[in-house]
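Proteins come first, then strands; the chains are lettered A, B, ... in the order of their sequence lines, and each starts at number 1. On a predicted model such as this, the values are computed, not experimentally measured, just so you know.
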Amino acid sequence: MKFSNLFGKTQKNISTNAESISHQLMLRAGFILQIAAGVYAYMPIAYKAFRKIENIIRNELNKSGAQEVHMPALQPVDLWERSNRKESYGPVLFQLKDRRERELVLGPTHEEVITQMVKSNVESYRDLPLNLYQIQVKFRDEARPRAGLLRGREFHMKDAYSFDMDQNGLDKRYDQMVEVYKSIFQKCGLPVLVVQADSGAIGGKDSQEFILTTDVGEDTIIYCDSCKYVANSEKAVFLHEELPIEDELNLTEVLTPSVKTIEDVSKFFNSDTKKTIKSVMYMINDELVMVSIRGDLEINEIKLSNIFKGKDLRLATDEELIKSDLLPGFISPVGLHNITKIHFLFDNSLKTGNNFISGGNKPDSHYSNVNIPRDILVSEFNDLALADVGYKCTECVNTLSTTKGVEVGHVFKLGTSYSESLGAFYTDEDGSQKPILMGCYGIGVGRVLAAAIEQNHDEKGIIFPPEISPYQIHLVGINLNDNAVAESCNSIYNNLYDNDYEVIFDDRDESAGVKLADADLMGFPIRMVVSLRSLKNNSVEIKLRSESESFLVEINKLEEYLSSIR
RNA sequence: CGGGGCGUGGCGCAGCCUGGAAGCGCACCUGCAUGGGGUGCAGGGGGUCGCUGGUUCAAAUCCAGUCGCCCCGACCA
C-alpha cells in the first residue's frame, strides 16, 4: 500500500467530545468516522485491524470444531415475545415496522434465531452436540453510547452458541470454550483476565468475563494477589470481618437531631461505622424492600436484583417512604417486623456483632444497643454487599485488590431456558423428548480493537500488538525528491511487497516531521526510514514502535533481519 | 429517563449577551523555497450560521417549537 493512495487522513483537530484515549486516537489516526450516536464507519486501516481480530477468532473457533453461520439482523418481534425478552430488553431493543405493519426488531443478539435454526434441524441425540457461531453486526439502542467503539449502538460481535444433550456435555463445552477464548486473546497479543461474572438478565448459572485491564474500563474487577480469585465487583464475594462478641446491652432510644447519614451517626455516637446498621429502601416490582447492611459496607444492587430474578430496581423516593410512614434518615427494621407490605432483607454482615446503632423510625431518633435476633427478627441472611479493595478473600484470607477493565468477552451457561420457551427438543436414546442444553459465548470485535488501543498506546499514538496490526512495516521515505532515496524506497517497497510483508510506504510529499508523527500515531510495529542519512551507510533505519531506540540495518541484510524477527 | 451543554466552510472554534456587510486556526488548491520530528513565504477556492415558524426596516444574534449531537448520572448479555 502506498500512503498517497490511502483513503483516510490523519487529523489534527478532533472533537473535544472524544473523551477516551482509544476514541481520540482512532479519530486522530483517521480510523473511524462517526455517522450517528454510537454508529461508526470504519476506514480501511481500522477495517484491516478489525479483520485480523475476526480471523483470529474464526481460526480458533474452527479449530475447536465450531461451525460458522450467518443470521438475519432483521427478526420478527414474535420470536422475542416467545422468549419473553421483548419486555426484558425494553427500550434497548430497536423496533421497526415493515410496509405491512408487521413488527420487526434489529437483533441485539441471536439466541432466538439460532434456537429456531437448531430446532428445525435437530431431532435426535445423534444430531448433537453442536457449536455454531456468527460474526455479525448487532444493534442495541443504548441509553448512552459512549467512548467510540467501546460502547456503540451498532457493533460487531462474535457469538457462539452450543447445544448439548445434558448438563455434563454443556459443562465440558463451556470449559472448552473458556480455553478457546484464552487462546484467542493470546493470539491477539492481548493479556486478558478471566473473571467470575454475574450472568445478568440473560440468565444461566456459570458465567465468566474476559477483561482487558485499562484505566477507563466500565467494569471493576476484584482480585486476590495471593490466590487465583478474580471476579467482577458485581459478583465478587468477600469475607466479612467478624466483630467481637459483647454482652447485650439494653435497647436505648437516643435523641439525634438532624443526624441522618451513617457518617453523621457514627460521629454523633463516637463509634465505628461498623457498629451501625444501614437500611436502604428500594422499589422492586412496586413493592418496598428494606435492605439492611452493616454501616461500613455498600449494597451491591446486582446481587439484590438477582434475588428478585433480575427485576428492575430503584431507590424509593422520599415521597414513597413518607407515604408508608417511614422517615428518611431514621429508618431501621427495629420494631417493624409486623409490617407486611415491606419486604425485609439482611446482609450476611449482620450475622455477627452486638449492640448496633440503627434508625429510630421516629423524627431525630436512633436506637443504640440493637441486637439480632433480640430486636430484629431475621428469617434469612443474604449476600448483598459490594466487594471493594481491602476486604478479605474468601479463598485464602488475603487482602483483595481492585482494577478497572473493559469486558471483551463473556461466556454463559444458558441451560434450557431458550430451548424450552422456543421448543427446541431432541429425542434421546430411550425415546424421550428432552430440551437441548445451551451455552452462549460472545466477543465484541470492535471493543477488542478499542480496548487493545486503550491498553497499548503512548503520548504519541497507538502501539499495535503485531498480531492485530493493520500493517507490520511502515516504510518512510524522507526527501523523496532525491533520486537515490526515491529509487531505494521503491526497490525496498517492491521487494517487501513481493515477499508478502504487510507494508505501507509513505510516499507523500510531506515533511519528515509529518511522516514520522503519522507513523507514531498509527503505531505499526516496525518503522523503516530511508533517507540520505541512512543511505550514506547503505542502510535503512529501523525503529520498533514498542522501543525507543532506532538502529541501522544494511539494505542487503534487510531480508535476513526481517526473517529473524518474523 | 433526570440534570447540564452544544449545533456557524471538510475538521476544531470565535462571533450571539448589546440585531446592522460571516471571521480565525487546521485541512484543501496554485507557486516558490525547505527537506530527520506536525517547515516558511505569497496567492486562492469553499459557509442560505441544524430545521420550521415568529418579532423587526433588518436575525448567526431575540422568542417559540423541532431535530440532531455530546457530557454527568441512572441504565446496560
Taking only the [atom1] atom of each, what is the distance from [N] to [M] in whole angstrom?
{"N": "C69(B)", "M": "G12(B)", "atom1": "C1'", "answer": "15 Å"}
{"N": "G9(B)", "M": "G15(B)", "atom1": "P", "answer": "15 Å"}
{"N": "G45(B)", "M": "G50(B)", "atom1": "C1'", "answer": "24 Å"}
{"N": "A33(B)", "M": "A14(B)", "atom1": "P", "answer": "39 Å"}
{"N": "C13(B)", "M": "C6(B)", "atom1": "P", "answer": "12 Å"}
{"N": "G19(B)", "M": "U55(B)", "atom1": "C1'", "answer": "11 Å"}
{"N": "G38(B)", "M": "C49(B)", "atom1": "C1'", "answer": "31 Å"}
{"N": "A59(B)", "M": "C17(B)", "atom1": "P", "answer": "14 Å"}

For this session: Could you go through the salt bridge (Lys or Arg N to Asp or Glu O under 4.0 Å) check for Lys138(A) and Asp159(A) one step at a time?
Result: CA-CA 10 Å; Lys138(A) 313 220 171 189; Asp159(A) 255 332; 2.7 Å; yes
Is the backbone of [Y] close enough, under 3.5 Å, to the side chain of [X] for a donor and an acceptor to pair up by distance?
{"X": "Ser162(A)", "Y": "Gly439(A)", "value": "yes"}
{"X": "Asn131(A)", "Y": "Tyr133(A)", "value": "no"}
{"X": "Arg545(A)", "Y": "Ile463(A)", "value": "no"}

If you check the [X] side chain, which of [options] turns out closest?
{"X": "Asp518(A)", "options": "G38(B), C76(B), A77(B)", "answer": "G38(B)"}
{"X": "Asn13(A)", "options": "A77(B), A74(B), C11(B)", "answer": "C11(B)"}
{"X": "Val514(A)", "options": "A77(B), G38(B), G36(B)", "answer": "G38(B)"}
{"X": "Glu407(A)", "options": "C75(B), G38(B), A77(B)", "answer": "A77(B)"}
{"X": "Asp159(A)", "options": "A77(B), G38(B), A74(B)", "answer": "A77(B)"}
{"X": "Leu516(A)", "options": "A77(B), G37(B), G38(B)", "answer": "G37(B)"}
{"X": "Gln34(A)", "options": "C70(B), A77(B), G38(B)", "answer": "C70(B)"}
{"X": "Arg144(A)", "options": "C70(B), C75(B), C71(B)", "answer": "C71(B)"}
{"X": "Arg527(A)", "options": "G38(B), G36(B), C11(B)", "answer": "G36(B)"}

Could you state the atom-to-atom distance from [atom1] of [X] to [atom2] of [N] in whole Å?
{"X": "Ile478(A)", "N": "U34(B)", "atom1": "CD1", "atom2": "C1'", "value": "14 Å"}
{"X": "Asp506(A)", "N": "G38(B)", "atom1": "CG", "atom2": "C1'", "value": "13 Å"}
{"X": "Leu552(A)", "N": "G36(B)", "atom1": "CG", "atom2": "C1'", "value": "13 Å"}
{"X": "Met157(A)", "N": "A77(B)", "atom1": "CE", "atom2": "P", "value": "12 Å"}
{"X": "His410(A)", "N": "C76(B)", "atom1": "NE2", "atom2": "P", "value": "14 Å"}
{"X": "Glu549(A)", "N": "G36(B)", "atom1": "CD", "atom2": "C1'", "value": "16 Å"}
{"X": "Ile14(A)", "N": "C11(B)", "atom1": "CD1", "atom2": "P", "value": "14 Å"}
{"X": "Leu33(A)", "N": "A27(B)", "atom1": "CG", "atom2": "P", "value": "19 Å"}

Problem set entry | Given RNA chain B, 5'-ward residue of the pair Glu510(A) and Tyr161(A), judged by closest heavy atom | Glu510(A)
Exercise. More 5' along RNA chain B: Asn479(A) or Arg151(A), using each one's nearest nucleotide?
Worked result: Asn479(A)
So what does [X] touch, heavy atoms closer than 4.0 Å: a base, only the sugar-phosphate, or nothing?
{"X": "Ala143(A)", "answer": "base"}
{"X": "Asp509(A)", "answer": "base"}
{"X": "Pro108(A)", "answer": "base"}
{"X": "Val529(A)", "answer": "base"}

Only pairs with both distances under 3.5 Å count, Watson-Crick or wobble alike; so what is the partner of [N] in this structure?
{"N": "C13(B)", "result": "G23(B)"}
{"N": "C6(B)", "result": "G68(B)"}
{"N": "G47(B)", "result": "none"}
{"N": "U18(B)", "result": "none"}
{"N": "C1(B)", "result": "G73(B)"}
{"N": "C41(B)", "result": "G31(B)"}
{"N": "G53(B)", "result": "C63(B)"}

hbond_proxy [X] side chain to [N] base (donor-acceptor, 3.5 Å cutoff):
{"X": "Glu541(A)", "N": "G36(B)", "answer": "yes"}
{"X": "Asp520(A)", "N": "G37(B)", "answer": "yes"}
{"X": "Tyr441(A)", "N": "A77(B)", "answer": "no"}

For this session: Kindly indicate, with the supporting measurements, whether the criterion side-chain contact (heavy atoms from CB on, under 4.5 Å) is fulfilled by Leu150(A) and Glu454(A).
Result: CA-CA 10 Å; Leu150(A) 281 177; Glu454(A) 241 8 282; 4.0 Å; yes
For this session: Using the side-chain contact (heavy atoms from CB on, under 4.5 Å) rule, take Ile542(A) and Ile526(A) through it: C-alpha gap first, then chi angles, then the decisive distance, then the call.
Result: CA-CA 7 Å; Ile542(A) 290 186; Ile526(A) 304 168; 4.1 Å; yes
For this session: May I ask you to check whether Phe551(A) and Tyr561(A) place their ring centres under 6.0 Å from each other?
Result: yes
Exercise. Which of parallel (below 30°), tilted (30 to 60°) and perpendicular (above 60°) describes His156(A) and Phe50(A)?
Worked result: perpendicular
For this session: Applying side chain to side chain donor-acceptor pair (under 3.5 Å), run through Tyr441(A) and Arg173(A) and close with a yes or a no.
Result: CA-CA 11 Å; Tyr441(A) 317 89; Arg173(A) 173 99 30 220; 5.6 Å; no
Exercise. C11(B) phosphate, OP1 or OP2: any side-chain N/O from Lys12(A) under 4.0 angstrom?
Worked result: no
